[in-house]
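Data first, discussion second: the structure below is written as structure tokens.
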Amino acid sequence: MLQHFDPNKDYGTPASLSENLITLEIDGVSVTVPEGTSVLRAAAEADINIPKLCASDNLEAFGSCRICAVEIEGRRGTPASCTTPVEAGMKVTTQNDKLGRLRRNIMELYISDHPLDCLTCPSNGDCELQDMAGAVGLREVRYGFDGNNHLSAEKDTSNPYFTFDPSKCIVCSRCVRACEEVQGTFALTIDGRGFESKVSPGQNEDFLDSECVSCGACVQACPTATLMENSVIEQGQPEHSVVTTCAYCGVGCSFKADMKGNEVIRMVPYKDGQANHGHSCVKGRFAFGYATHQDRVTKPMIRDSIDQPWQQVSWDEALTFAADKLKGIQEKYGRESVGGITSSRCTNEETYLVQKLIRAGFGNNNTDTCARVCHSPTGYGLKTTLGESAGTQTFDSIMQADAVMVIGANPTDAHPVFGSLMKKRLRQGAQLIVADPREIDLVKKSPHVQTQHHLQLRPGSNVAFINAMAHVVITEGLEDKDFIANRCDDGAYQAWRSFISEERHAPENTAEITGIPADELRSAARIYAKANNAAIYYGLGVTEHSQGSSMVMGIANLALATGNIGREGVGVNPLRGQNNVQGSCDMGSFPHELPGYQHVADDEVRAKFEAVWGVKLDNEPGLRIPNMFDAALDGTYKGMYCQGEDIAQSDPNTNHVEAALRNLECLVVQDIFLNETAKFAHVFLPGASFLEKNGTFTNAERRINRVRKVMPPLSGLEDWEVTVALSNKLGYEMNYSHPSEIMDEIAQLTPTFTGVSYDRLEELGSIQWPCNAEAPQGTPTMHLESFPIGKGHFAITEYVATEERSTRKFPLLLTTGRILSQYNVGAQTRRTDNQAWHDEDILELHPVDAEDRGINDGDWVGITSRAGETVMRAKVAERMQPGVVYTTFHHPASGANVVTTDNSDWATNCPEYKVTAVQVVKVTEPSQWQQRYEEFNSQQQSFLKEGRKQKTQA
Amino acid sequence: MGNHQLNSLIKMVNQIAANNTHIGDEAEAAQMVASHLGKFWARSMKQQIIEYRENDGSELLPVANQAIQLMAG
């Protein structure tokens with residue numbers, strides 16, 4: 001990899017971005033660094049390593065430990081090199097007798113109150129305190145160890161992932177500063193003064209009960225064993241590392257998997273990770289235990305009917321069984337009677353192969369992906385307006401934003417590492433507008449972040465809201481006339497301008513629909529339009545509506561109208577839910593598009609693919625996921641290959657989905673667990689976790705990152721190998737020996753990927769597509785000079801109210817979302833200690849609605865919609881507005897999607913998860929669906945157990 | 001032709017029409033809807049909705065009806 005700095009070295013203080021260079025002399029060596037660099041860092045860059053303890057290059061200089069003291073010619077005393085910026089001509093001495101004595105004296109004081117248990121200490125071999133004691137040549141502690149000390153301070157073991165042992169603390173404040181500067185949570189403080197000073201979570205709470213979000217930044221920052229991963233305490237120091245990419249959210253953090261043989265000891269966010277810069281969240285850093293959980297199914301299994309126990313069989317038997325079944329279905333019911341679903345949790349290469357198998361092996365375009373139920377409107381909306389189905393910026397771009405508008409997203413929970421970066425910029429003074437029915441943590445729970453406006457709109461009124469924002473911009477003359485004239489299609493603009501100027505879009509007239517006071521909306525629109533750089537970040541609160549696509553286009557309209565496209569600090573930024581949503585869409589998972597968003601009806605495009613794939617391709621789009629379910633219920637869709645996706649839990653209207661799955665004659669599920677969908681399957685192909693395979697993920701900023709195998713696949717095969725073997729059994733030959741060869745084929749066929757290869761990824765670290773002859777290094781910021789469609793296109797976005805409205809029977813609106821500690825359907829995080837934070841889905845409702853119904857905190861409540869009924873525990877919370885209730889969908893037994901309906905986005909069929917009319921009442925027992933679920937689940941678990949037992953006996 | 005699919009298709013095409021009726025006159029809107037169906041709907045879905053319009057069509061919004069007619073050629 002191309003490195004300017006060694007990512008495994010700590011340079012002491014952050015790099016300066018100044019373009020002015022300063023030359024100084026350190027220990028007689030001439031060193032040139034950017035202005036603003038500390039002496040400590042300047043020395044480190046010249047490989048002159050000044051001892052340090054409280055300094056770390058991801059934290060601002062603090063100057064507390066004084067170990068890094070130096071002498072500077074012409075200056076008095078011994079200044080701390082971490083807090084001393086370089087100056088031209090400065091002459092620095094880092095080592096002499098005086099400095100040596102000074103450092104030894106300081107170290108002696110530290111060690112006089114530190115346990116001398118180095119040989120049995122968990123950080124033995126990875127302890128900065130020990131290293132520095134060695135570096136300064138400490139040989140004695142003249143004070144003895146009998147004085148006042150902290151050696152008997154009690155450990156805090158409340159957090160499931162790390163232990164706080166204050167007896168080893170040197171009060172360097174690195175943990176406190178990491179919590180503030182890197183994570184932005186401010187959960188830690190130094191309590192007391194002088195000798196009484198101690199690190200304290202919150203108001204002397206334990207870690208688990210405090211505001212700590214368990215991101216682990218404090219653990220990583222600690223130079224001793226005070227804050228230490230339990231896995232290291234239990235298993236010892238790792239012996240080698242592999243850099244790979246997290247398989248949780250769309251931020252796509254890079255990690256060093258610290259290994260002992262084939263066992264992961266810990267995940268450490270990689271400092272050179274271009275999406276996360278060495279930070280992580282509780283999921284990525286700690287919640288990897290699912291990969292080796294006892295629930296992993298590692299042997300292929302088959303059965304003729306879902307009412308039968310599973311039979312464990314060989315790979316060959318399972319693949320032959322699946323291929324024969326699927327071929328038989330096609331012979332009986334026709335070519336279009338089968339299809340498949342790719343997953344945003346799988347790699348680009350795996351996704352590419354599944355859609356290829358469907359298009360070339362099955363001979364139809366019945367391929368879809370879970371992005372159908374999250375960001376398909378982003379694909380439609382951004383392609384229509386900006387010409388490319390992707391966000392426009394890098395994550396780092398937010399550091400140039402002056403105004404940030406967050407719409408229908410909850411970055412601190414769902415995209416935590418980016419959420420931390422966003423908070424950092426907001427603490428620096430960028431203005432914040434939040435448009436969300438719910439009071440997300442950014443609004444009031446983020447220290448030193450001031451929300452200028454929380455526009456608490458009603459669910460389902462997004463388009464009315466965004467139209468009103470644009471109306472203010474246009475009617476108050478706040479548009480960027482030059483940008484519009486130079487970069488946008490004039491005809492479309494004039495039509496849109498005339499539409500949006502209509503008085504009915506004025507905030508005073510939309511207030512009744514949105515619930516947003518007109519003056520507040522006007523003020524927010526002015527902030528967005530007048531900022532030098534204004535950026536929009538949005539999530540599923542935008543897309544998962546009956547007008548999801550219209551809302552995405554409305555957002556793009558607003559950005560175009562104000563010229564907030566095509567440079568750093570601005571843009572339209574969809575925050576993707578799962579790790580490879582962007583990639584799975586890029587790879588041709590949608591039924592109407594081949595890889596690179598190339599339409600199947602385009603003869604030239606098809607000819608290109610046909611030449612490489614060696615088969616004739618269908619020129620008509622295939623079925624989308626909801627269409628597949630409908631066709632299954634009607635008996636025309638009979639077989640499906642589902643890789644890494646859990647449609648039975650994640651898709652709306654569970655009763656409808658389950659009925660469709662029961663109607664299939666052959667469902668092939670490839671997954672690491674017997675997930676909810678697999679309980680309806682006839683063939684189970686064991687999958688590989690992200691730790692067990694090679695490939696790439698593409699994050700929300702179009703960044704392609706390498707996924708590297710750190711342990712052998714538990715089932716013996718990586719997922720791409722399974723798809724290859726299935727395809728070969730089906731009679732469509734695939735032949736790859738490594739995922740890099742799959743990427744080479746992708747690059748050959750996808751214009752935006754022609755410059756991408758594994759070699760190039762090794763060289764650059766990661767690549768943001770488009771990467772081709774025009775952009776050989778990739779494209780951090782899109783649409784700099786033009787759009788892929790030439791000019792930006794303003795789309796007319798009429799507000800059309802959803803059919804899902806509150807009524808006398810269903811007077812409340814349910815909206816669903818996620819929580820920090822759990823991930824999507826929870827298949828991974830539910831099998832980790834993250835359960836400590838969220839072991840059940842809970843219904844949040846406003847005190848007014850609770851009081852009307854006699855509901856108290858913790859009561860069991862039935863939630864009924866026109867689709868179904870489920871039961872959860874209630875939490876009374878003022879985060880909700882009256883009339884709106886909220887829950888998460890991480891636990892299958894809670895049945896959140898039993899209640900959601902099959903209403904969907906008009907353009908893409910993305911389900912309207914965010915608006916379901918419901919009634920909530922106190923109940924005393926689980927719903928009928930839950931009772932059926934318990935019965936079905938226990939039957940399926942026993943079928944699994946039986947299959948495993950039979951094999952053992954055999 | 002099953003009811004599940006047909007009911008969904010009628011709902012979908014009407015929803016597409018409702019979201020595009022404001023684009024110019026009815027003919028322009030129908031053209032837009034027809035183009036959308038052509039680009040995104042599967043062959044079997046197109047066939048089913050065309051058959052429905054020919055045999056009944058009573059639940060279709062006018063723009064949706066026109067669009068399907070355009071698509072059927």
Side-chain angles (χ1 to χ4, degrees), chain A residues 334-337 339 364-366 368 376 380 384 463 495-496 499 502 546-547 549-550 553 590-593 599-602 618-624 626-637 656 659-660 663 795-803 902-909, chain B residues 1-53 55-56 58-68 70-73:
Chain A
R335 187 166 50 92
E336 294 177 9
S337 60
N364 64 47
N365 289 318
N366 290 338
D368 208 357
S376 51
Y380 181 92
T384 304
V463 174
W496 176 80
F499 160 79
E502 291 172 22
S546 68
Q547 284 203 291
S549 293
S550 302
M553 294 191 288
F590 289 137
H592 64 289
E593 284 168 336
H599 202 279
V600 294
D602 186 322
D618 194 348
N619 65 352
E620 284 280 352
L623 297 169
R624 297 166 173 174
N627 311 137
M628 292 177 189
F629 294 151
D630 286 337
L633 285 167
D634 285 347
T636 56
Y637 185 76
H656 180 79
N663 258 20
I796 292 185
T797 53
E798 182 69 55
Y799 167 65
V800 179
T802 172
E803 289 177 11
D902 51 8
N903 256 23
S904 65
D905 172 44
W906 67 269
T908 65
N909 283 136
Chain B
M1 185 190 309
N3 281 336
H4 286 288
Q5 197 153 9
L6 182 58
N7 291 341
S8 294
L9 297 183
I10 294 167
K11 185 176 172 181
M12 282 163 64
V13 72
N14 282 341
Q15 203 186 348
I16 297 165
N19 275 275
N20 286 283
T21 42
H22 51 277
I23 296 171
D25 58 21
E26 201 168 289
E28 281 174 281
Q31 188 60 56
M32 186 86 173
V33 175
S35 155
H36 185 92
L37 300 182
K39 202 170 168 189
F40 296 105
W41 279 30
R43 181 186 292 108
S44 58
M45 293 159 65
K46 289 173 189 161
Q47 282 166 355
Q48 284 172 27
I49 203 72
I50 288 169
E51 275 174 34
Y52 169 71
R53 196 202 73 85
N55 298 328
D56 179 350
S58 58
E59 291 179 49
L60 296 171
L61 293 175
V63 167
N65 197 315
Q66 258 195 56
I68 298 165
L70 277 173
M71 189 172 63

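A note on names: the letters A, B, ... follow the listed sequences, proteins ahead of strands, and every chain is numbered from 1.
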What distance separates A:Ile796 CD1 from B:His22 NE2, expressed to the nearest 0.5 Å?
6.0 Å
If I take atom CG from residue B:Asn3 and atom CG from residue A:Leu633, how far apart are they, to the nearest 0.5 angstrom?
11.0 Å
Turns out that what part of A:Glu593 lies under 4.5 Å from chain B's heavy atoms comes down to neither
Under 4.5 Å from a heavy atom of chain B, the part of A:Asp905 involved:
backbone
Reported CG-to-NE2 distance for the pair A:Asn627 and B:His4, which is rounded to 0.5 angstrom:
14.0 Å
How would you list, by chain and number, every residue that makes a ring-ring contact (aromatic ring centres under 6.0 Å, His included) with B:Phe40, sequence neighbours excluded?
A:Tyr380, A:His592, B:His36
Sub-4.5 Å side-chain heavy-atom contact between A:Leu623 and B:Gln5:
yes
Comparing A:Gly635, A:Ala601, A:Pro591, A:Ala631 against chain B, the one with the most heavy-atom pairs below 4.5 Å turns out to be A:Ala631
So do A:Glu798 and B:Asn20 actually touch side chain to side chain, heavy atoms under 4.5 Å?
no
If one checks every heavy atom of A:Thr908 against chain B at 4.5 Å, the contacting part turns out to be neither
To the nearest 0.5 Å, atom OH of A:Tyr799 lies from atom CG of B:Asn19 at 11.0 Å
Does A:Asp618 reach the side chain of B:Arg43, with side-chain heavy atoms less than 4.5 Å apart?
yes
Can you tell me how far CG of B:Leu6 sits from CG of A:Asp630, rounded to the nearest 0.5 angstrom?
10.0 Å
May I ask you to name which of B:Met12, B:Lys11, B:Gln15 has the most heavy-atom pairs under 4.5 Å with chain A?
B:Gln15
Find out whether A:Glu336 and B:Ser44 are in side-chain contact, i.e. whether some heavy atom of one side chain is under 4.5 Å from a heavy atom of the other.
yes
